[in-house]
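Taking it in order: structure first as structure tokens, then the write-up.
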Number of protein chains: 2
Amino acid sequence: MSVTIKDVAKFANVAPSTVSRVIANNPRISDKTKEKVRAAMKELGYHPNFIARSLANQSTQVLGLVTPGSSDVFFQNPFFPTVLRGLSVGAHEKQYALQMVTGQNDEDIYNGVIQMVQGGRVDGVVLLYSKVEDRILTYLRERNFPFVMIGKPYSFVNEITHVDNNNFQASKDAANFLLSLGHTRLAFIGGDVDLVVTVERLKGYKKALEEADIPIRQNYILHQSFLLEGGRTAVCELMELPLHERPTALLVADDLMALGVLNTLNSLGISVPEDLSVLSFNNVLFSEMARPPLSSVDINIYELGYHASKHLIKRIENHDEPFKRVIIEHKIVTRQSTGQA
Amino acid sequence: MSVTIKDVAKFANVAPSTVSRVIANNPRISDKTKEKVRAAMKELGYHPNFIARSLANQSTQVLGLVTPGSSDVFFQNPFFPTVLRGLSVGAHEKQYALQMVTGQNDEDIYNGVIQMVQGGRVDGVVLLYSKVEDRILTYLRERNFPFVMIGKPYSFVNEITHVDNNNFQASKDAANFLLSLGHTRLAFIGGDVDLVVTVERLKGYKKALEEADIPIRQNYILHQSFLLEGGRTAVCELMELPLHERPTALLVADDLMALGVLNTLNSLGISVPEDLSVLSFNNVLFSEMARPPLSSVDINIYELGYHASKHLIKRIENHDEPFKRVIIEHKIVTRQSTGQA
DNA sequence: TTGTACGCGTTATCAC
DNA sequence: GTGATAACGCGTACAA
């Protein structure tokens, strides 16, 4: 077996409790014994056992990460690695580890979260999404377990710490940008309607049209999953409209979907931005590598992750920490997929 | 606090050990008491405490995931989410959780691994890469700690369980494919030379040329990090050659880099595949979305992850499990970035 | 078939 | 300042 605190104690001729205090750097231990104990630890190659510490402490220094049930789709989106990197950096700064729930569907994930939480595996949880009805959220709230959400809560906005963009405003800005280029036939291709981010971006789109006195047409509003394939399907649907009714600009709720859109348009012989402008969201790494390079609303994905873990840790370490709404800036990055109407 | 085994015991009028046995589904407990205890557990909403269990068991049911030190780069590559999904599914099938080391550089990651391992946080470790000199590998081997590697070990190939493609053969196949199209001026753009995968793919490239009696030119061999930017730099370098010395085909060791290549070629007015063929590796999701769609060697990334966790768990659960070399199939997927010379 | 008692490696609360 | 001792929640010999 591994070398324990007791071994160190014997070796240094002190009590186990003293060793424990040295590890915690307790000020009431004399420098002399500290030295002696540290030497012993080094000599024996001692490393603290986190499991035992967790049991005594009732704290694990681990954050749980919860993906949406459709994790295969979620993983594929470049959003995920970027937000993960932010989470990782934020966690690392406070010496927290990251643990993921495994499972491919809602049921698996739900059970995974319960195991994590009840099993005491994690000190807190990050929800990497926001859904309209979410029993995981309900569960965490009921147990008053520390968690933060990336995205805007569907309800109880003031009782949930969350890190989000102002997606309503971002989408309104984006739509206004297209309007300012002279487009009036403006379609919206959104993601899963269960996701709050879709809802918010749709609202922003509608609001912008409304303020510009442009009637909202239901056949200009499409919903697909956040995937390449979704972009294709949506385009095909729009292009079945009679020529004079086709939109001249598309607002696409996700870059990956936009990539599918571009691809499909290309194979249909429709050129971007001459025939059709495309503006999307997220500004992931390959946006600028698309053909043509994608204009996209940068939502600072990394920051979303970073602040999420920072605030979660705050809530863990101070249970009375007030709920916060953290808004990350967005910015329209103009490239070559958008042009004058 | 949470409801414990003792609470259940009291409620069901049995001893704590009986409850424990019911959880383990010990056959020596009568069906009647099992029912009684299970009813009590349900009634009280009992969930086992993993931490306590881990301490008693000396096992955590957690797998550790180790990324290369340059994790920011690694995360960005679509390879990562895909392999992660495979790992996740494999782990989930055996009820294992996944934990990641956090940290942005070699030093952080190294310390993170030591903490994970010595701290007893994980039962085993997956190395998601293979480097030429790797002290993490050395450490794990010295401690005889269960681990598997994704990729080919630089040394001790027969003493390390690993899941890999035959990258030598894959690269040779790929080069031969280009040769069969009539290309003779064939360049290789590889990744980080510290990575074994780069080394293997370079070897395969060289071997194919050698067998075709084509001399190897050092200025046709470039190395960049696995990133979009790397593709750009490499192309610029090659295009500085006099026209008649320029390669007519590129073998690129990574799709992401190939995307950068395509992009740069486009802006230089060089058309693919008419002027130059491009063949890359990995066949990640967006390969077919590139312009033109990328011909790529599919290496079954998902399978790499899936088998890695499966075999790691085998090693954990049976410490005498022999070392294995698991080879995942590869296949050239021809799209529009390759053509006759 | 079930109960008792101890150990897993720490931390924390007392004493001294 | 430092040393016993009791938790933390569970698994498991050993008894009964």
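Heavy atoms only: backbone and side chains are in, while hydrogens, waters and symmetry mates are out. Letters A, B, ... are given to chains in the order of the sequence lines, protein chains preceding strands, and every chain is numbered from 1. All values reported here derive from a predicted model rather than from experimental measurement.
Under the 4.5 Å side-chain criterion, counting only non-hydrogen atoms from C-beta, B/F147 is not in contact with B/R315. With a 4.5 Å cut-off on side-chain heavy atoms, B/K131 and B/L195 count as touching.
Of the candidates C/dT11, D/dT2, D/dT12, D/dT12 carries the atom nearest the B/N57 side chain, counting heavy atoms from C-beta on.
Taking atom CG on A/N26 and atom P on D/dT2, their separation rounds to 10 Å, with Å as the unit. Remark: C1' of C/dC8 and CZ of A/R53 are 16 Å apart, rounded to the nearest angstrom. One interatomic measurement links the two molecules: CZ of A/F50 to P of C/dT11, which rounds to 10 Å at whole-angstrom precision. Atoms NZ (A/K36) and C1' (D/dG1) sit 11 Å apart, rounded to a whole Å. The separation between B/L55 atom CG and D/dG11 atom P is 11 Å, rounded to whole Å. B/K6 has its NZ atom 15 Å from the P atom of C/dG3, to the nearest Å. When rounded to the nearest whole Å, the span between CD1 of B/I5 and C1' of C/dA5 equals 15 Å. In this structure, B/N25 atom CG and C/dT2 atom C1' are separated by 16 Å, rounded to whole Å.
Regarding contacts with the backbone of D/dT12, every side-chain N or O of B/R21 stays at 4.0 angstrom or more from both OP1 and OP2. The side chain of A/T33 contributes an N or O atom lying less than 4.0 Å from OP1 or OP2 of D/dT2. Between C/dT1 and B/R28, no contact under 4.0 Å exists linking OP1 or OP2 to a side-chain N or O. Contact check, A/S30 against D/dT2: a side-chain N or O comes under 4.0 Å of OP1 or OP2. Distances shorter than 4.0 Å separate none of the side-chain N or O atoms of A/S20 from OP1 or OP2 on C/dT10. Close to C/dG9, at under 4.0 Å from its OP1 or OP2, lies a side-chain N or O of B/Q58.
Note that the OG1 atom of B/T4 and the NZ atom of B/K10 stand 7.5 Å from one another [nearest 0.5 Å].
Using a 30° and 60° split on the angle between ring planes, A/F80 and B/F80 fall in the parallel class, below 30°.
For B/I51 and B/A24, each mapped to the nucleotide of DNA chain D holding its nearest heavy atom, the one lying further toward the 5' end belongs to B/I51. Where A/I23 and B/A52 each meet DNA chain C at their nearest nucleotide, the meeting point lying more 5' is that of B/A52.
Looking at heavy-atom distances under 4.0 Å, B/Y46 makes contact with sugar-phosphate atoms alone, never a base. When heavy atoms are screened at a 4.0 angstrom cut-off, B/V19 is found touching no nucleic acid atom at all. Within 4.0 Å of A/P16, counting heavy atoms only, lies no atom of the nucleic acid at all.
With B/N111 contributing its side chain and B/E107 its backbone, the two residues share a donor-acceptor pair below 3.5 Å.
The environment of A/E159 atom CD is dense: over 12 non-hydrogen atoms of other residues, nucleotides or ligands sit within 6.0 angstrom.
With hydrogens and angles ignored, no donor-acceptor pair under 3.5 angstrom links the side chain of A/S17 to the base of D/dT5.
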